[in-house]
Each structure stands twice: as C-alpha cells, then as structure tokens.
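Got a structure for you, written out below as structure tokens; questions coming shortly.
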Number of protein chains: 2
Amino acid sequence: MNRETVIGRLKEYGLGITQPRIEILSYLMENHVHPTVDVIYESLLENNPGLSRTTVYNTVQLLTKCGALRTLCIDESHVNIDENTMPHAHLLCRECGRIIDLPLKGISVEKASHPFTMDGNMIEEVHQYYRGLCQECRNKQNK
Amino acid sequence: MNRETVIGRLKEYGLGITQPRIEILSYLMENHVHPTVDVIYESLLENNPGLSRTTVYNTVQLLTKCGALRTLCIDESHVNIDENTMPHAHLLCRECGRIIDLPLKGISVEKASHPFTMDGNMIEEVHQYYRGLCQECRNKQNK
DNA sequence: AAATAATTTGGAACTATTACAAATTTATAC
DNA sequence: GTATAAATTTGTAATAGTTCCAAATTATTT
Ligand SMILES: [Mn+2]
Ligand SMILES: [Mn+2]
Ligand SMILES: [Zn+2]
Ligand SMILES: [Zn+2]
C-alpha cells in the first residue's frame, strides 16, 4: 500500500505519524482478512524486528476509537479486526475458521451507518454475524 | 422454579441429574438477565457453599452443546448466557451495561431456527446485536 | 450394599488483553 | 539543523476469563 496514502489516512484522523502506525494501518489496508491482533503482530514482525505486541494493541485501539477500524466480536476467544468500516454482516466458518463478508439483512447500509432509534433505544452500532459452513467448505465436504 | 420442571428439562436432553445442574439450570430459568458465568457462580454460592466455578463452566458448556442454552458474544471481555433459545436480537447498553432482548430483523424466527443456505453458505446460527443506549438510560440523560 | 460410571472440585495452567514506567521517537521552537 | 518538549513505543508484569487435570465425591447399576 502506498506510503503516502496511509500517512494521509492517519492525518485525516488527526493522529501522529509514526513508523509502527504506518506499518499496522498499511497491513490492514492490504490484507482484508479480519486478522487478530496477534496475526498482525506476527506478520509485521518479520520486517519490523523490535515491534511490540503492546504497540499493535495500542494502535488498533486508537484506530478503532477514532472510527478507522471496527473490532468484531464473533469468536469468543479473541477479537478480529475489520478495516472495512461500512456496515456489513459476517460468517464465521466452523470448518476453515475464516470470517467472510456478507451483506447486511433487514437494515440498509445508510441507516446502519449512523445512530438511529428503535423502540425508544438509540442504536449506535449494528452487528450481524452467522456461524456455519462457508460455500468452499461445503463443496469440499460434498466431494 | 419447580424442581421437577428443571429435572424434566435435564432428562429431555438426556443429561444426568445432579444437584449442581439443577441449581444452575434453575437459576437460568428464573433469571432472564443474560448473566456471565461468574454472576451465576456468585449468585448460587450463597445457598450452595462448595460449588466450584469450574462446575458452572462445565455445565454451561454442556447445556450449550446440547442446545438448551445460547452463549452470546457481544462484550469482548466475557461470554453472556441466554436461556432463551428462540432466535432474537440484543442491545448492549453502553450506559447501564444491560443486554436487552429485541426482535430479529430481516429474517423470520422460523427460518433462523434451523440451518438454511444463503449465497451457497450453510447458515447454522444467526446473531444480531446492537450497541447503544437503552430507552431507560436515554430518558435519564434527557432529564 | 458393593461396584462402576459419571460428575464435581480446587488448584494450576493458559491466553488474550491491559497497566505502567523507562526508553525512544516525533513534533515543535528556536 | 539542533535543542526541547511532547507523544509514542517498548518490555515486562499484572489481570481476568477460561480450560486442564487428577483426586475426591456423587449418582447409577448390579
Ligand atoms: Mn468484514
Ligand atoms: Mn436474549
Ligand atoms: Zn470454510
Ligand atoms: Zn441502559
């Protein structure tokens, strides 16, 4: 991912420009795979010896807080990071473990993008996820 | 909750009848509050000295596996237990921390109750949750 | 009641995440 | 560009939810 693009993104959110932040955001913008913090850390470690796991945690938290990322709560053992902040649904495949993007159901993307009221409650975040078997794994099993 | 009813429920699922299981399931059938394992444990401890936290974990896992309970993944720091196995949505209020039941959106309860296919994927569990402010907390804030 | 099987217990282990103080890097002022 | 101040990173320790496991207990079968 273009270094200038990533720096621009950090500036958009009024964040300081640092090497670890560039690396982490860069990774997320290139790899759309809902990685865990540890996956990000291990992946970056090769080219960034000395990177701290804590920095990845801090940075992910920072980027989430300012709305540049979303954290997914699907697998109870850990959080997954999503760089796509447009509202959408997810499928966690019990076979391959992947988290696959799916369209939102029953609510428009526009509506889900901003707070709205529902039965007197103020809804600020919409999350939809499924568990099951992804198409690929289904095909493999039926072979 | 009637002891016989609870024992009946355990038998339905082909599970052994034991004191801890009766206590735990009983608690869940009376208190519809999406408790954490720790809340269940602490609540039961008063009248059940010697109860082990591990037993609560084991029992919740067992009951979930056989479909008598659902575990919710909304708050990333812990799991919440839901005794209501009918598919429905949830709101986690950022103010009071409660998890409130809401109707499912965009998919019927009947359809969500059994596996179905969607874009070639096999969907086995449907989860919908929101984060925001519950009605009560909104009213308090506007006072 | 004895034997067997299932369950519970409690303490240790595991693991994702957070806290924190010292070291380093980045931004600002000159 | 250098000095200074501010922000960030690092590494280690602490925290907390959950799982593991072997010994003890309880439930079931004979
Ligand atoms: Mn996604
Ligand atoms: Mn519920
Ligand atoms: Zn799969
Ligand atoms: Zn509330």
Side-chain angles (χ1 to χ4, degrees), chain A residues 3 6-11 13-27 34-45 47-66 68-81 92 97 99, chain B residues 3 6-8 10-11 13-27 34-45 47-66 68-69 71-81 92 97 99:
Chain A
R3 185 185 162 92
V6 178
I7 291 179
R9 180 77 72 94
L10 287 170
K11 281 184 178 163
Y13 289 102
L15 303 174
I17 312 303
T18 69
Q19 197 54 37
R21 285 178 188 175
I22 293 168
E23 294 292 340
I24 292 164
L25 187 51
S26 210
Y27 176 86
H34 309 105
T36 63
V37 166
D38 225 63
V39 164
I40 301 172
Y41 170 69
E42 295 290 350
S43 305
L44 293 180
L45 200 54
N47 298 312
N48 303 74
L51 176 66
S52 167
R53 205 185 304 268
T54 301
T55 300
V56 184
Y57 274 103
N58 288 342
T59 303
V60 162
Q61 204 168 328
L62 182 76
L63 291 170
T64 302
K65 210 166 280 171
C66 68
L69 300 179
R70 283 222 161 190
T71 57
L72 308 181
C73 195
I74 303 182
D75 197 325
E76 49 213 46
S77 70
H78 56 250
V79 143
N80 291 88
I81 314 301
L92 171 60
I99 293 175
Chain B
R3 186 185 161 91
V6 179
I7 291 179
L10 287 171
K11 281 184 178 163
Y13 289 102
L15 303 174
I17 311 304
T18 69
Q19 196 55 34
R21 285 178 188 176
I22 292 169
E23 293 292 339
I24 292 164
L25 187 52
S26 209
Y27 176 87
H34 309 105
T36 62
V37 167
D38 226 63
V39 164
I40 301 173
Y41 170 69
E42 294 290 349
S43 306
L44 293 180
L45 200 55
N47 297 313
N48 303 76
L51 176 65
S52 167
R53 204 186 303 269
T54 301
T55 300
V56 184
Y57 273 102
N58 288 342
T59 303
V60 162
Q61 204 168 325
L62 182 76
L63 291 170
T64 302
K65 210 165 280 170
C66 68
L69 301 178
T71 58
L72 308 181
C73 194
I74 303 182
D75 196 325
E76 50 212 44
S77 70
H78 56 250
V79 143
N80 291 88
I81 313 300
L92 170 61
I99 293 175

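A, B, ... follow the sequence lines: proteins, then strands. Residue 1 opens every chain.
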(message) Taking the minimum atom-to-atom distance to the side chain of B:Arg21, which one of D:dT19, C:dT17, C:dT7 wins?
(response)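 The nucleotide sitting nearest to the side chain is C:dT7.
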(message) Closest-nucleotide mapping onto DNA chain D: is B:Gly16 or B:Gln61 further toward the 5' terminus? I mean the 5' end.
(response)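 The residue mapped nearer the 5' terminus is B:Gln61.
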(request) Would you state whether a donor and an acceptor, one from the side chain of A:Thr18 and one from the base of D:dA7, lie under 3.5 Å apart? (result)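 Per atom types, no contact qualifies.
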(message) Rounded at 0.5 Å granularity, tell me how far CG in B:Asn48 sits from OH in B:Tyr27.
(response)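 With rounding to 0.5 Å, CG (B:Asn48) is 12.5 Å from OH (B:Tyr27).
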(request) Give a yes or no on whether a donor-acceptor pair under 3.5 Å exists between the nucleobase atoms of C:dG10, that is its base, and the side chain of B:Ser52. (result)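 Indeed, a donor on one side and an acceptor on the other fall under 3.5 Å apart.
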(request) Assign B:Thr36 to base, sugar-phosphate, or nothing according to its heavy-atom contacts below 4.0 angstrom with the strands shown. (result)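 It contacts nothing in the nucleic acid.
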(message) Closest approach to the side chain of B:Val37, judged atom by atom: which nucleotide of D:dT9, D:dT18, D:dT12 is it?
(response)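 Of the options given, the side chain of B:Val37 lies nearest D:dT18.
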(message) Any side-chain N or O of B:Gln19 below 4.0 angstrom from OP1/OP2 of C:dT8?
(response)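 Result: no.
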(message) The side chain of A:Ile17 is closest to which nucleotide in this list: D:dT8, C:dT9, C:dA27?
(response)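 Minimum distance to the A:Ile17 side chain belongs to C:dA27.
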(request) Round to a whole Å and report the spacing from OH of B:Tyr57 to P of C:dT9. (result)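 Taking atom P of C:dT9 as the reference, OH of B:Tyr57 is at 15 Å.
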(message) Expressed as a whole number of angstroms, how long is the span from A:Leu45:CG to D:dT10:C1'?
(response)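 Taking CG of A:Leu45 and C1' of D:dT10, I get 13 Å after rounding.
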(request) Using heavy atoms to find the nearest nucleotide of DNA chain C for B:Glu76 and B:Asn58 separately, return the residue whose nucleotide is more 5′. (result)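 It is B:Asn58, whose closest nucleotide lies nearer the 5' terminus.
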(request) Rounded to the nearest angstrom, tell me the gap between atom CG in A:Leu62 and atom P in C:dT18. (result)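 Rounding to the nearest Å, CG of A:Leu62 and P of C:dT18 are 13 Å apart.
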